[in-house]
Colleague: 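Dropping a structure here in structure tokens format, bear with me for questions.
As a basis for the values below, the full set of heavy atoms in this structure was taken, side chains included, without hydrogen atoms, waters or symmetry mates. Here the structure is a predicted model, which is why all the values come from computation and not from measurement.
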Amino acid sequence: MQGGDPLYYSEYLHLDRLLDCQHPESARRGDPAHDEMLFIIVHQAYELWFKQILHELDTILAVFAQDRVDEKEMGGVVARLNRVVEIQRILLGQLQVLETMTPLDFLDFRDYLIPASGFQSVQFRLIENKLGIRPTQRIPIGDDPYTARLRADHAAVIEASEEEPSLIELVDRWLARTPFLHFGDFDFWRAYRRSVDEMLARDRQAIEEHVSLSEEARTAQLATFEQTAAHFGALFDPEHHSQMVAAGHRGLSHEAFLAALLINLYRDEPILQLPFRLLTTLMDIDEGFTAWRYRHALMVTRMIGEKIGTGGTSGHEYLRRTTDTYRVFRDLFELSTFFIPRSSLPKLPPEMEATMGFRLGEPAL
């Protein structure tokens with residue numbers, strides 16, 4: 001639609017304001033440090049990308065908040081999650097740009113930044129909470145909660161986000177509604193367990209009858225086998241799973257975990273291909289932020305060694321601890337523990353296969 005004054009590039013992007021947002025503190029103090037400009041621009045670029053990630057997450061959360069998610073919306077959800085993955089690659093790349101600044105270059109202006117810190121990024125804390133990091137997962141700063149170093153109004157925004165449904169919670173509800181766990185007389189759970197029991201029996205027999213194994217090696221392999229069998233045994237115990245959720249060792253409910261397993265095992269079925277891509281992309285996002293935190297921790301070590309961070313944390317040690325603690329979709333990574341060969345998968349009833357497929361010339365079921 002045409003109308004009004006012609007749009008001008010600089011005005012559309014508000015470049016006058018955007019390019020006037022870099023004010024090095026060292027220059028203000030009368031001691032200009034050349035690399036502080038790079039430091040500011042990289043972190044401002046981070047915040048712009050965080051804004052885009054939040055823009056994508058908010059629309060995805062709105063889709064999953066519905067009582068029924070229309071399959072037509074899933075393609076858009078996966079595309080937006082993939083966009084977040086691509087943004088994460090840019091976030092990692094920006095660290096390489098920042099590392100062109102040497103530790104001595106950083107020391108030229110570091111003291112002027114205290115007590116400001118990237119830890120005070122409200123947008124990144126919102127991303128973490130919207131994905132599903134729980135307050136109980138948070139690593140405290142001394143005896144203080146993670147919001148203690150934020151301005152009061154910013155802390156209020158972060159704390160309010162803790163009360164909103166997170167992506168992992170909404171995906172859990174969506175998974176739990178998966179219709180194929182029980183289909184007519186077919187019970188995936190019973191059929192899968194039979195296949196697992198048969199697989200474990202074959203594995204035990206193979207170890208016990210392996211002629212080349214010494215008794216010591218046989219004993220060791222049987223001990224490993226028993227651990228594997230125990231993992232499967234726990235999978236078949238909903239009460240045990242609930243205890244793991246309560247202890248923070250599982251993020252998904254038992255029904256949702258089972259549905260995610262079914263989606264992965266039968267991902268070749270046409271109707272499950274988009275849900276499989278969704279779960280895979282959620283893993284990519286978890287891996288992307290884990291990699292970014294780890295690289296960030298390495299960069300901080302490279303820049304300040306064992307010094308305390310400008311925000312009062314333990315610097316690289318604090319960041320290193322977040323790499324594993326702040327993973328959201330850990331359950332999806334652990335699903336592969338329970339995979340079985342395609343040749344051992346329970347055969348789906350023909351009616352279920354027809355429902356899962358797209359058959360031209362046949363009426364929809």
Side-chain angles (χ1 to χ4, degrees), residues 46 49-66 68-94 123-124 126-134 137 164-180 250-253 255-295 322-339 356 358:
Y46 271 133
W49 285 123
F50 293 162
K51 182 173 183 177
Q52 184 66 39
I53 291 174
L54 287 170
H55 180 64
E56 305 300 342
L57 284 178
D58 284 340
T59 60
I60 293 165
L61 289 166
V63 170
F64 279 109
Q66 301 172 98
R68 180 183 178 278
V69 178
D70 193 321
E71 290 297 319
K72 291 188 293 186
E73 296 187 81
M74 291 304 296
V77 166
V78 172
R80 288 170 184 175
L81 287 172
N82 274 317
R83 181 176 293 162
V84 173
V85 173
E86 294 303 322
I87 292 172
Q88 288 177 315
R89 293 193 175 101
I90 295 173
L91 300 183
L92 274 170
Q94 288 186 182
Q123 290 196 117
F124 191 66
L126 285 173
I127 290 170
E128 291 177 330
N129 288 351
K130 286 176 184 288
L131 288 174
I133 292 179
R134 300 177 176 87
Q137 283 179 265
E164 299 168 359
S166 66
L167 184 57
I168 190 172
E169 291 170 331
L170 295 175
V171 167
D172 186 292
R173 296 177 201 171
W174 173 74
L175 284 169
R177 297 195 296 265
T178 300
F180 301 113
R250 279 277 184 268
L252 295 174
S253 65
E255 195 78 3
F257 192 86
L258 176 59
L261 180 59
L262 179 142
I263 289 168
N264 275 271
L265 292 175
Y266 292 96
R267 63 193 181 195
D268 294 333
E269 299 297 334
I271 204 169
L272 295 182
Q273 287 175 7
L274 262 181
F276 171 70
R277 286 174 56 198
L278 170 77
L279 297 182
T280 300
T281 309
L282 291 175
M283 293 169 66
D284 291 339
I285 288 173
D286 220 17
E287 188 174 319
F289 279 127
T290 299
W292 183 76
R293 289 186 179 101
Y294 179 70
R295 280 288 310 279
T322 67
T323 58
D324 190 57
T325 305
Y326 288 0
R327 289 176 59 197
V328 177
F329 299 101
R330 188 189 306 270
D331 287 13
L332 300 180
F333 287 83
E334 296 181 4
L335 285 172
S336 57
T337 304
F338 308 105
F339 288 1
M356 284 184 165
F358 303 111

Colleague: Using a 4.5 Å cut-off on heavy atoms from C-beta on, say whether the side chain of Q88 contacts that of W292.
Modeller: no
Colleague: Are L252 and L332 close enough that some pair of their side-chain heavy atoms sits under 4.5 Å apart?
Modeller: yes
Colleague: Looking at R330 and D324, is there a salt bridge between them, counting it only when a charged N and a carboxylate O are closer than 4.0 Å?
Modeller: yes
Colleague: Taking the side chain as C-beta and beyond, is there a heavy-atom pair between F257 and L335 under 4.5 Å?
Modeller: yes
Colleague: Can you name the closest pair of heavy atoms from A176 and E255 and give their distance?
Modeller: O-CG, 3.9 Å
Colleague: With rounding to the nearest 0.5 Å, note down the distance linking CZ in F50 to CD1 in I87.
Modeller: 10.5 Å
Colleague: Quick check: closest heavy atoms across F64 and L170, and the distance to 0.1 Å?
Modeller: CB-CB, 3.7 Å
Colleague: So V328 and I133, do their side chains get closer than 4.5 Å, heavy atoms only?
Modeller: yes
Colleague: Kindly give the heavy-atom pair with the smallest separation between D268 and Q273, and that separation in Å.
Modeller: O-NE2, 3.3 Å
Colleague: Do F289 and E128 come close enough that some side-chain heavy atom pair is under 4.5 Å?
Modeller: no
Colleague: Within a reach of under 6.0 Å around CZ of R277, are more than 12 heavy atoms found that belong to other residues, nucleotides or ligands?
Modeller: no
Colleague: Of all the heavy-atom pairs spanning T325 and Q137, show the shortest one and how long it is.
Modeller: O-NE2, 3.0 Å
Colleague: Report the distance from atom CG of L126 to atom CD1 of I53, rounding to the nearest 0.5 Å.
Modeller: 12.0 Å
Colleague: Would you mind telling me which of D286, V78, V84 makes a side chain to side chain contact (heavy atoms under 4.5 Å, CB included) with T281?
Modeller: V78
Colleague: Might you confirm whether atom OH of Y294 has over 12 heavy atoms from other residues, nucleotides or ligands at distances under 6.0 Å?
Modeller: no
Colleague: Let me see the working for E86 and R83 under salt bridge (Lys or Arg N to Asp or Glu O under 4.0 Å), right down to the final yes or no.
Modeller: CA-CA 5 Å; E86 294 303 322; R83 181 176 293 162; over 6 Å; no
Colleague: How far apart are the closest heavy atoms of L272 and Y266, and which atoms are they?
Modeller: CD1-O, 3.4 Å
Colleague: Rounded to the nearest 0.5 Å, what separates atom CG in L274 from atom NZ in K72?
Modeller: 14.0 Å
Colleague: So is R293 actually on top of Y326's ring, under 6.0 Å and inside 45° of the axis?
Modeller: no
Colleague: Donor-acceptor check, side chain of D172 to backbone of S253, threshold 3.5 angstrom: yes or no?
Modeller: yes
Colleague: Pick from D58, V63, T59: which one makes a side chain to side chain contact (heavy atoms under 4.5 Å, CB included) with L61?
Modeller: D58
Colleague: So, taking the atom named CZ in F124 and the one named CG in L54, what distance separates them when rounded to the nearest 0.5 Å?
Modeller: 10.5 Å
Colleague: Do you know which two heavy atoms are closest between M283 and F333, and how far apart they sit?
Modeller: O-CZ, 3.4 Å
Colleague: Can you tell me how far CG of L167 sits from CG of L81, rounded to the nearest 0.5 angstrom?
Modeller: 7.0 Å
Colleague: Is there a side-chain contact between R177 and V69, using heavy atoms and a 4.5 Å cut-off?
Modeller: yes
Colleague: Would you give the length of the straight line joining atom CD1 of I263 to atom CG of L258, rounded to the nearest 0.5 angstrom?
Modeller: 10.0 Å
